[in-house]
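Encoded as structure tokens, the structure appears first; notes follow it.
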Amino acid sequence: MPHETPRCSRRELLAGAAASSLAPGTPAGDGRPNILYIMSDDHAAHAISAYGSRINRTPNIDRLAREGMRFDRCFCTNSICTPSRATLLTGKYSHANGVPVFNTFDGAQPTAPKMLQAAGYHTMMVGKWHLFSNPTGFDDWCILPGQGVYYDPGFITAKGTHQVRGYCTDIITDKALAMLKGRPAGKPFFMMCHHKAPHRSWDPEPSIAADYRKRRIPEPSNLRDGYETRTDAIHQCRQKVFTDLTRRDLKLQPPQGLTQAEQNRWLGVCPDSVEAEIGGRQVTLTGGALDSWKYQRYMQDYLACVESVDRSVGRLLEYLETSGLARNTVVIYASDQGFFLGDHGLYDKRFMYEEALRMPFLVRWPGVTRPGSVQRKLAINPDFAPTFLDIAGLPTPRDMQGRSLRGLMGGRPPADWRTSFYYRYYHDPGDHNTRTHYGVRTETHKLIYFWRLDQWEMYDLRRDPHEMHNIAGKPGERRMEAALRDELYRLKRELGDDDRFADGKV
Ligand code: CA
């Protein structure tokens with residue numbers, strides 16, 4: 001497959017990187033753009049107003065869309081946290097970087113940050129890392145242990161561990177700003193600022209939480225999806241708002257007098273009735289009224305967490321302005337994958353359905369991205385590493401499987417840009433009894449194979465954007481289905497997925 005940027009071996013790359021950092025006429029720090037990559041965890045595009053959210057406003061994140069480019073079709077190739085992070089560092093699919101599930105990332109392998117560091121960038125990482133090995137390729141790093149916690153979080157640095165009192169999103173922002181201010185002069189920088197929010201358990205900053213508790217969040221049209229025409233996979237999963245959110249998720253308070261073990265048991269159960277105060281009256285909620293209440297409480301907390309992330313983006317953008325860095329800094333806002341916000345009655349991610357598959361991806365690159373522009377070509381998270389390198393003027397290593405998005409950012413997509421991509425999810429049963437699957441998405445259709453069930457789903461995304469009507473096996477769709485199946489297995493072969501992690505074991 002031809003590429004718009006030259007490819008080279010790792011040795012050639014490092015030699016080229018060293019040469020480019022010393023190239024005459026390119027003084028370090030002022031020729032090459034800085035890169036600020038801000039990523040949240042589980043922030044669905046449909047909870048960003050620039051993406052047309054019906055449920056919240058995100059004025060600071062929206063600025064990046066207004067002053068830069070909104071990618072409308074950016075997708076994750078394995079929609080869970082750890083694999084997505086390994087992919088965006090390496091430019092490779094899960095089967096190629098060895099992280100299909102929640103397993104340890106081998107930090108000895110080549111990554112974009114290492115190549116940027118070798119090319120003279122000052123590299124920094126702050127926030128949620130979640131790769132089970134410590135960061136490599138960063139001059140300065142400060143990460144949450146594992147998932148981290150929302151309140152009074154601990155951190156790990158190269159020097160040891162420490163704890164900070166306060167709210168996680170605000171603290172990560174404080175640390176990012178301190179790192180930026182303390183960076184060495186005369187070098188361009190690459191920073192990854194990774195928020196924990198709005199990941200489950202959706203614990204908001206208290207003053208914001210109180211405001212969101214008063215809001216009534218509109219329900220998605222398919223909150224009460226009955227799954228007619230769908231395979232067994234969606235019936236079997238345990239990531240349903242009405243039947244799987246626990247009392248802990250719903251922030252219910254355990255009765256007095258329980259031991260710690262009894263409290264944990266009580267909190268770990270999905271309630272079938274709840275005592276709530278509504279309109280100043282104490283009522284017992286059950287059935288449909290309880291279902292609606294669960295959705296409200298889930299979304300109130302999730303969106304309050306998003307609000308803190310949005311404010312954080314505002315603080316970082318403000319620093320870039322006041323420090324004079326904004327004009328030569330590429331700012332990207334993304335999430336490690338999407339999330340179900342009651343769509344199909346679900347929370348969490350994993351499935352290849354649009355809400356979880358889609359990643360928000362907004363980029364402001366002064367002089368390159370046209371303000372207010374929208375890109376509808378298919379972008380995927382293996383593209384992120386080649387893009388970081390290309391922004392710095394570095395070629396894409398031959399073994400990376402993504403392609404630089406630079407041409408798309410400039411509004412000039414290469415003529416041979418992809419029109420389909422491959423997806424694979426491994427973590428079965430995982431935390432939510434989600435069936436393993438792989439599939440292909442084109443610009444108009446999607447085909448998913450739940451191979452352990454030997455069941456297929458197919459959607460025409462033009463007529464059925466919410467994926468309510470599975471048309472796999474339907475007469476009249478056979479030609480399209482056969483073409484999609486051919487494309488699926490062509491991509492699987494081309495990418496070298498030989499089923500080596502098919503059982504999710506590494
Ligand atoms: Ca995530």
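Just follow the structure's listing: the first ligand is 1, and inside any ligand the first atom is 1.
- Taking the Ca ion (ligand 1) as reference, the nearest N/O/S atom within Asp41 carries the name OD1.
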- [ ] Could you check Tyr150 against His199 for ring pair (Phe, Tyr, Trp, His ring centres under 6.0 Å), going step by step and ending with a plain yes or no?
- [x] CA-CA 10 Å; Tyr150 276 101; His199 191 281; 8.2 Å; no
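- The angle that Gln337 OE1 and Cys81 SG make at the Ca ion (ligand 1), rounded to 10°, works out to 100°.
- Minimum-distance N/O/S atom of Asp336 relative to the Ca ion (ligand 1): OD2.
- Of the charged side-chain nitrogens involved, at least one lies within less than 4.0 Å of a carboxylate oxygen, so that Arg224 and Glu219 count as a salt-bridged pair.
- Looking at Asp42, its N, O or S atom nearest to the Ca ion (ligand 1) turns out to be OD1.
- Under a 3.5 Å cut-off, the side chain of Lys294 and the backbone N or O of Phe242 do form a donor-acceptor pair.
- Checked for salt-bridge contact, Arg452 and Asp503 miss the test: no charged N lies under 4.0 Å from a carboxylate O.
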